[in-house]
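See structure below.
To find a chain, count down the sequence lines: A is the first, B the second, and so on, and within it residues start at 1.
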Amino acid sequence: MTSYIIRRVLVNLMVLVLISVVLFGLVHAAPGNPVDFMISPEQVGPGYEAFRQAKIHELGLDKPVPVQYVLWLREAATGDFGYSFADGRPVVAVLAERIPATVELLGLALVVQLVVALPAGMLAAMRRNTMVDYVVSFISLGAISTPGFFLGMIAIYVFSLKLRLLPSSGLATQGDGSPGDLLRHLVMPVLILGLAHAGGLARYVRGCTIAELGSDYVRTARAKGASDLRVMVRHVLRNALIPVITVVMMSVPGVFAGAVVLEQIFAWPGMGQLAVASVQRQDFPVVIGFAGMVAVLVLLSNLVADVLYTVVDPRVRLS
Amino acid sequence: MPHTTSLRLIPHFAVALVAASAMAGCVGGQSNTTGDAAAPKTSTKPLRMSLYLKPDVLSPFAPIQGGNTDVMSLVYEGLLRFDKDTKLVPALAESYEVSPDAKTFTFHLRKDAKWSDGKPVTAQDVVFTSTLYVDKTVNSSAAGGYSGVTGVKDFKEGKATSVAGFKATDEHTFVMTTDAPNAGIVALMARNPILPEHAVKDLPKDKLQTDPWFNNPVASGPYKVAEFKPDQHVHLTAVDRWRSKVGIKDIYLNPVTADVATAQLSSGEIDVAKISPNDLDTVKAIKGLRLEETPDPGFVRMAVNQTQTRFQDPRVRQAMLHAIDRKGIVSSALKDKGSVRNTTFGPRFAGDGINEYAYDPTKAKALLAEAGWDSSKPVNVSWVAGGNADRDAAAVVIEQQFNAVGIKTKLNRIQAPQQLESLQKKTYDLVLMGGGQYNTDGYSVYGITGCDRWLPAGGNITYFCDEKLDALMKKANQTQDEAARTQLYKEASMVENAAVPYIYLYSPTAVFAVTDKLKGFAAIPTGGGYVDPASWTLTD
């Protein structure tokens, strides 16, 4: 098992280096030059060319791309992954500053997703082809087919503008920031992100549970007189969880991507906002840092899913 | 919906409680221990404003960025400042004189001016800061403006250790001299803030554009930075014992998109936001807000690449003006929040009776025919799409109306760096763009029309040249008397208006939605900063 994990980590590291080469190439293939984004074409005047050249040199953009890549690798090895063109701070510091807001949003959304989807999916499976099942299916299909940003805009319109129940955006009210205020700001983005992804998961849980309900061990458990609840929680849930874990882990990058869009709608100062702003001003080091982090997240989710299998189902042996 | 109001009441209830407890401390009425009884009360309620761009660093040496400029206008001061009509008025300097030959400029500093750390502002601080603006190591994008100052060239080339043209003759007098008459250079004093020598001299010069010191600087404006978290907000708080009463204690500036700003205005989460013409109707329907309009001192125009022979005949450019229904663009794309422009000169310098180039396709066709226009060769109109809805709409109208008169037009959406590159390499046909500030000082027009101001020596991106116009401009800039100078600029604007260096389109009017509780608010459009923030007041 340990050797399996070590092997996987090594393979993933190689994949990461490849990804970084591709990212670096792609980002530098984009037309234009980040320094030109710092100068408004509407404000060019005497001295701007000298400024431009000095800045290009300062940021090392006058070196060939492969040389820039090697220099970047060296900085990556020291752990700061280069410096942001925008404010000169290490990329790691720029990203780290945004992580809490995004993790808060994602973590809570993931909890909402599980708390809603697990019971709903299992309930639909137990009451298969009844009204309960239809309602759950209808709602989950609705959630799957409605984009999060659309739900977000509707929610802002209804709950902030019309009912004036919740703040429309941001992390906190300026000049407030009490726990109650922070909580009120969390309600809409967390629920929307969580519920939007709960739909797909509920469908999946339902399917897995139905498959398990037909198994011999369920019949045996029932024959021994176990209650419905005990059968579900003690027997079915555990078995149905195996594929569900994969789905949840694989959905983490998806939820992350969803958060990028939702962060724009709710002016949430997280990673997504940073990524979009950095792309817009061609802040290469931050863009690469962000994309690299997503790559790590994808690879890590895969790895964690594989390892979790063995925990949930001791029959699975990694070799 | 009575049940919904209960939640909204909580913060108000809290405010009431705080207010009540504060009252309890001063039973017996108006006694005020600070002794400032005559001045109006400073509002303790914070003012919450939206920023259209996220600020990154509040360094005056960094390239101009609208988000930074907006915040910096509340924290820093120059010797002069702009009022809401973009005229120059005193700030750190209480007065200034220009010598008759327009080569010596004497600024008298306010004696009560202090830095936010309590130390006095001196003329030596002005010399120090001005020298930094032209220092090669600092590499400020503002350096170009000072190129006419005596001794700047020697200083840059290392032949001198100081700039001969910057002098502090006593503690409160700063004198600047230029090689040639240069009445227009005064405007620099409103653009570039002054910094305290005692605090800035220890910072590394090559990092002055990004040094985090600037995000909590010692400055001379009415506000200081309490918290700089540009992702969430910038929190400013009034400087203690500033030289006059500051009306509002705390200001929060919040970078949000236009959509979010409109939503937050509506839900009462912010008090001030610049709004786009598309949101006008939504915002008008919100109670408790008023609209403050400020005409933009710049204008939206098309640069025409006059290195191409086909664009060199002025009749072609005049025909382009006649071909476009510019009034129609103002009413449809700007919802009438703007005006048609017919000269680069701002309204103060525009001559009376300039040609208005009314929408007249027949005349446009006639002018093109006279000039021998080849309608088979296509014309590319490029612009940075997606940034301003009005420009996107204008581009589409122009394509249609150019084609109608026989200018075979293709639209070309580009990115800002591509725009800069095509201007530099002269590979463009027409570029639609905006900006500029041509209302404070008529000579600013020279920067984009002068024969010796072709890119990269200046901002003449249209590669236009008219000796007669240049002669008039130089004469005006050498004239010290303001009325005579303005008259010369008016004459120049007539020449410019006939020569059509740019295809003038319109000046948008900046519209700010402002809560009724805020009094005295004024701003310069498009990242030009705010005007006299100390005089603003906010009622509870």
Side-chain angles (χ1 to χ4, degrees), chain A residues 30-52 54-55 58 84 86-89 97-98 101 153 156-157 159-176 178 180-181 184 264-267 269-270 273-274 277 281-282, chain B residues 1 4-5 7-8 10-11 46 48 54 56-57 62-65 139-145 147 206-207 210 212 229 231-233 235 250 252 254-257 260 263-264 266-270 298 384 415-421 423 431 433-436 447 453 455-459 461:
Chain A
N33 169 332
V35 173
D36 291 343
F37 275 98
M38 299 176 184
I39 308 165
S40 158
E42 298 170 1
Q43 273 153 348
V44 288
Y48 98 92
E49 188 55 40
F51 168 81
R52 199 171 157 266
K55 201 80 195 171
E58 184 193 323
S84 161
D87 54 13
R89 291 186 304 145
E97 197 175 80
R98 300 297 194 109
M153 291 197 290
I156 290 176
Y157 181 75
F159 295 106
S160 307
L161 302 191
K162 287 295 151 192
L163 300 178
R164 298 201 156 209
L165 273 171
L166 292 166
S168 66
S169 50
L171 200 68
T173 304
Q174 292 161 337
D176 188 338
S178 58
D181 180 59
R184 275 157 44 84
Q264 301 294 317
I265 306 264
F266 286 102
Q273 248 197 7
L274 174 74
R281 59 175 176 236
Q282 292 205 352
Chain B
M1 275 155 276
T4 62
T5 49
L7 258 175
R8 303 246 331 143
I10 294 170
R48 300 154 307 167
K54 190 188 94 154
D56 41 43
V57 58
I64 297 168
Q65 195 255 51
N139 192 26
S140 163
S141 60
S147 54
D206 58 337
K207 292 277 178 285
T210 51
K229 274 193 185 169
D231 299 330
Q232 291 174 37
H233 59 234
H235 174 193
D250 291 285
Y252 288 87
N254 197 5
V256 290
T257 60
V260 173
Q264 291 193 334
S266 199
S267 60
E269 290 165 77
I270 50 170
V384 179
Q415 296 246 309
Q418 277 173 282
Q419 179 174 323
L420 194 65
E421 193 186 320
L423 292 172
V431 167
M433 56 186 291
R453 288 291 186 273
L455 200 67
I461 51 170

Assess the residue pair B/Glu269 and A/Ser168 against the criterion (side-chain hydrogen bond (donor to acceptor under 3.5 Å, both in side chains)); give the C-alpha distance rounded to whole Å, side-chain angles, the decisive distance to 0.1 Å, and a yes or no. CA-CA 8 Å; B/Glu269 290 165 77; A/Ser168 66; 2.8 Å; yes
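- Neither the backbone nor the side chain of A/Arg89 comes within less than 4.5 Å of any heavy atom in chain B.
- To the nearest 0.5 Å, atom CG of residue A/Leu274 and atom NZ of residue B/Lys54 are 6.5 Å apart.
- There is no contact between B/Asp250 and chain A, counting heavy-atom distances below 4.5 Å.
- Ranked by heavy-atom pairs under 4.5 Å with chain A, the list B/His235, B/Glu421, B/Gln264 is led by B/Gln264.
- Taking NZ of B/Lys229 as the start and CG of A/Leu171 as the end, the distance is 8.0 Å to the nearest 0.5 Å.
- For chain B, the option among A/Gly180, A/Ala267, A/Pro167 with the highest count of heavy-atom pairs below 4.5 Å is A/Pro167.
- Using a 4.5 Å cut-off between heavy atoms, A/Gln264 touches chain B through its backbone atoms (N, CA, C, O) alone.
- Most heavy-atom pairs under 4.5 Å with chain B: of the set A/Gln282, A/Arg98, A/Gln273, this distinction falls to A/Arg98.
- Residue B/Ser266 holds its OG atom at 6.0 Å from CZ of A/Arg164, rounded to the nearest 0.5 Å.
- Of the two parts of B/Val57, neither the backbone nor the side chain holds a non-hydrogen atom closer than 4.5 Å to a non-hydrogen atom of chain A.
- B/Ala263 approaches A/Leu161 most closely through the heavy-atom pair O-CD2, 3.3 Å.
- Nearest heavy atom pair, residue A/Lys55 against residue B/Asn139, reads N-ND2, 4.3 Å.
- Scanning all heavy atoms of the two residues, the minimum distance from A/Ile265 to B/Val260 falls at O-CG2, 3.7 Å.
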